[in-house]
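Below: the structure, in structure tokens.
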Amino acid sequence: MKKYLLILIGVILLMIPNGCNKTGVVEESYIDPHIVFTSRRWWNYDIYITDIYGGYMTHLTKNHWLDFNPAVSSDGKKLVFVTDRDGNREIYGLDLVWLDGYTQWEGKNLTNLTQTLGHDWTPKFSPANDKIIYTTYFPQTDNYDVFIMNTDGSDKKNLTNTPYYEKNPQFSPDGSFIIYEAWQNGRMEIFFSNLLDKNNINLTRNTTSHDILPIGNALSPDGSKIVFTSERDGNKEIYIMNIDNDYIGPFWSEGIKQTRLTNHPSQDSEPEFSPDGKHIVFTSNRDGNREIYRINTNGDDLVNLTKNDADDWSPRYYPNGYKIVFQSLRDGPSNWEIYMMGADGSRPTNLTNHPRTDYSFVLLPSPNL
């Protein structure tokens, strides 16, 4: 009998979770997918986090200053955002800590990463989460430059350093190069910069009109293509461009092919690749209001996904490719809400659901996707 009792005690001890600490709390990763966004539902614009089921909402920054333009690391552990709490626009960073329960999230180790006299914008993490690229505006010289720094704010470097406007930088999927917008002779064009040799190369070379990068993901998953908006046809159309980092040297490659995907007298803009690289979603006003469309990367199979009388815009694919998150005015002409739908446009759901403005969202990577 004593033998069986000892065996039973051993089994019970094995069933006790290894993750328990002295307080009895089990540390686990968050389970549900989340979005991080800016909202004016308190005194002014702050950073919020909500799960995609609308079940829990965390008011993350909660202060009297303007906080917006959030970006998250690919592991979901760090958040950066733009704030004016120092009298100018600076980029702040914090650690995202999952608490579960009612509070859900907490931001720790809030730090001013840029500490400049200019205005800092559009931060983005590198794929390895060890670098941040961003734009700084210098009012004294009326100039934008693209900078890179470590995630703790150290080792800042000016990657462009010209008297022209350079902004909206994005990392390649492998982190080896960036693309950005730059004004040349009064026109906005798309540039490439290899982070190893620091070559800045004009890719579009269109001197007659603007070529515009989207705020979302402009690069295909393998980094071989760029999707962008061009005004070279007299209106905004969606273009796709081949790019090969191995063959871009100090001179522009004639092999960089630029192809128009849309052909309509209305305005088509804000394109983004799907996670599998097969589709592109974008915003178009060809139906009399802004709608979200999907098209294949070869220009075939154009589909209106939203089909709503109110404006829908700014589409972003969720990492698994099965969902699209977007902005919408379908709850009122002045009520910006953030919605989610299936990749085929099915089951649109209001994620923010508040009478105040909700915008400037990013998708928090989920450990389960």
Side-chain angles (χ1 to χ4, degrees), residues 36 69-82 91-93 96 113-114 120-136 144-161 165-182 188-204 211-229 240-248 256 270-277 280 316-319 321 360-365:
V36 184
N69 194 195
V72 293
S73 58
S74 62
D75 58 7
K77 294 182 179 180
K78 291 186 178 294
L79 168 73
V80 292
F81 60 94
V82 177
I91 296 173
Y92 270 64
L96 279 176
L113 299 177
T114 45
D120 304 306
W121 305 86
T122 60
K124 287 185 173 64
F125 284 93
S126 65
N129 300 318
D130 60 341
K131 302 287 184 182
I132 296 171
I133 49 171
Y134 61 100
T135 302
T136 296
Y144 288 88
D145 277 321
V146 174
F147 281 76
I148 190 169
M149 64 179 172
N150 294 331
T151 52
D152 63 358
S154 63
D155 196 23
K156 296 179 179 68
K157 296 177 181 177
N158 190 334
L159 296 179
T160 51
N161 200 21
Y165 281 12
E166 292 106 10
K167 53 186 180 178
N168 193 16
Q170 299 185 30
F171 276 107
S172 64
D174 65 359
S176 65
F177 67 89
I178 65 167
I179 57 173
Y180 61 92
E181 296 172 350
M188 192 182 303
E189 301 194 71
I190 298 172
F191 275 65
F192 165 100
S193 179
N194 188 304
L195 294 178
L196 185 62
D197 58 27
K198 305 298 188 299
N199 282 331
N200 294 311
I201 301 164
N202 187 339
L203 295 179
T204 47
D211 294 319
I212 306 164
L213 283 174
I215 296 176
N217 183 21
L219 283 151
S220 61
D222 63 0
S224 66
K225 293 180 175 60
I226 300 172
V227 65
F228 62 100
T229 302
I240 193 169
M241 174 172 55
N242 293 332
I243 178 173
D244 193 332
N245 189 18
D246 293 333
Y247 293 98
I248 295 179
I256 298 175
E270 301 179 321
E272 176 171 289
F273 276 101
S274 62
D276 61 6
I280 291 167
R316 304 280 191 278
Y317 270 100
Y318 212 80
S360 185
F361 66 89
V362 292
L363 311 173
L364 184 66

Side chain to side chain, Lys167 and Val146, heavy atoms closer than 4.5 Å: no

Test side chain to side chain donor-acceptor pair (under 3.5 Å) applied to Lys78 and Asn129, step by step: CA-CA 9 Å; Lys78 291 186 178 294; Asn129 300 318; over 6 Å; no

So, taking the atom named CG in Leu196 and the one named CZ in Phe177, what distance separates them when rounded to the nearest 0.5 Å? 13.5 Å

Kindly indicate, with the supporting measurements, whether the criterion side chain to side chain contact (heavy atoms under 4.5 Å, CB included) is fulfilled by Val36 and Leu79. CA-CA 9 Å; Val36 184; Leu79 168 73; 4.1 Å; yes

Mind listing the closest non-hydrogen atom pair of Asn158 and Thr160 along with its distance? OD1-N, 3.0 Å

Evaluate the criterion side chain to side chain contact (heavy atoms under 4.5 Å, CB included) for residue pair Tyr180 and Asn168; output intermediate values, then yes/no. CA-CA 5 Å; Tyr180 61 92; Asn168 193 16; 5.9 Å; no

Suppose we screen for side chain to side chain contact (heavy atoms under 4.5 Å, CB included). Which residues come up paired with Thr122, at least two apart in sequence or across chains? Asn69, Thr135, Pro169

Are any non-hydrogen side-chain atoms of Thr151 and Phe125 less than 4.5 angstrom apart? yes

Closest heavy-atom contact between Pro221 and Ser274? CG-O, 3.7 Å

Over all atoms of both residues, closest heavy-atom pair of Phe191 and Asn200: CD2-C, 4.2 Å

Are any non-hydrogen side-chain atoms of Asp130 and Asn150 less than 4.5 angstrom apart? no

Verify side chain to side chain contact (heavy atoms under 4.5 Å, CB included) between Lys156 and Tyr134, making sure each step is shown before the conclusion. CA-CA 10 Å; Lys156 296 179 179 68; Tyr134 61 100; 3.6 Å; yes

Donor-acceptor pair between Asn217 and Glu272 side chains, under 3.5 angstrom: no

Just wondering, more than 12 heavy atoms not from Lys198 lying within 6.0 Å of its NZ? yes

Compare all side-chain heavy atoms of Pro123 with those of Val82 and state whether any distance is below 4.5 angstrom. yes

Please state whether the rings of Tyr144 and Tyr165 are parallel, tilted or perpendicular, taking 30° and 60° as the class boundaries. perpendicular

Looking at CZ of Phe147 and CD1 of Ile132, how far apart are the two atoms once the value is rounded to the nearest 0.5 Å? 14.5 Å

Got a donor-acceptor contact below 3.5 angstrom from the Gln170 side chain to the Gly216 backbone? yes

Could you tell me if the side chain of Glu270 sits less than 4.5 Å from the side chain of Ile215, heavy atoms only? no

Given Leu96 and Lys77, is the side chain to side chain contact (heavy atoms under 4.5 Å, CB included) satisfied, shown in steps? CA-CA 5 Å; Leu96 279 176; Lys77 294 182 179 180; 5.8 Å; no

Ser74 and Pro127 have their tightest heavy-atom pair at OG-O, 3.4 Å

Interatomic distance, CZ@Phe228 vs CG@Leu213, rounded to 0.5 Å, equals 8.5 Å

Do Ile178 and Leu195 touch side chain to side chain, with heavy atoms closer than 4.5 Å? yes

Could you tell me which non-hydrogen atom of Val227 sits nearest to which non-hydrogen atom of Pro271, and how far apart they are? CG2-CB, 3.5 Å

Ile179 side, atom CD1; Ser172 side, atom OG - distance, nearest 0.5 Å: 9.0 Å

Apply the test side chain to side chain donor-acceptor pair (under 3.5 Å) to residues Asp145 and Thr136: give CA-CA distance (whole Å), side-chain angles for both, the deciding distance (0.1 Å), then the verdict. CA-CA 6 Å; Asp145 277 321; Thr136 296; over 6 Å; no

Heavy atoms of Phe171 and Lys131 approach each other most closely as CZ-CB, 4.1 Å

Between the main-chain N or O of Asp211 and the side-chain N or O of Thr204, is there a donor-acceptor pair closer than 3.5 Å? no

If I take atom OG from residue Ser193 and atom CD1 from residue Ile201, how far apart are they, to the nearest 0.5 angstrom? 8.0 Å

Report yes if some heavy atom in the side chain of Leu219 is under 4.5 Å from a heavy atom in the side chain of Phe273; otherwise report no. no

Please report the interatomic distance OG(Ser220) to CD1(Ile226), rounded to the nearest 0.5 Å. 8.5 Å

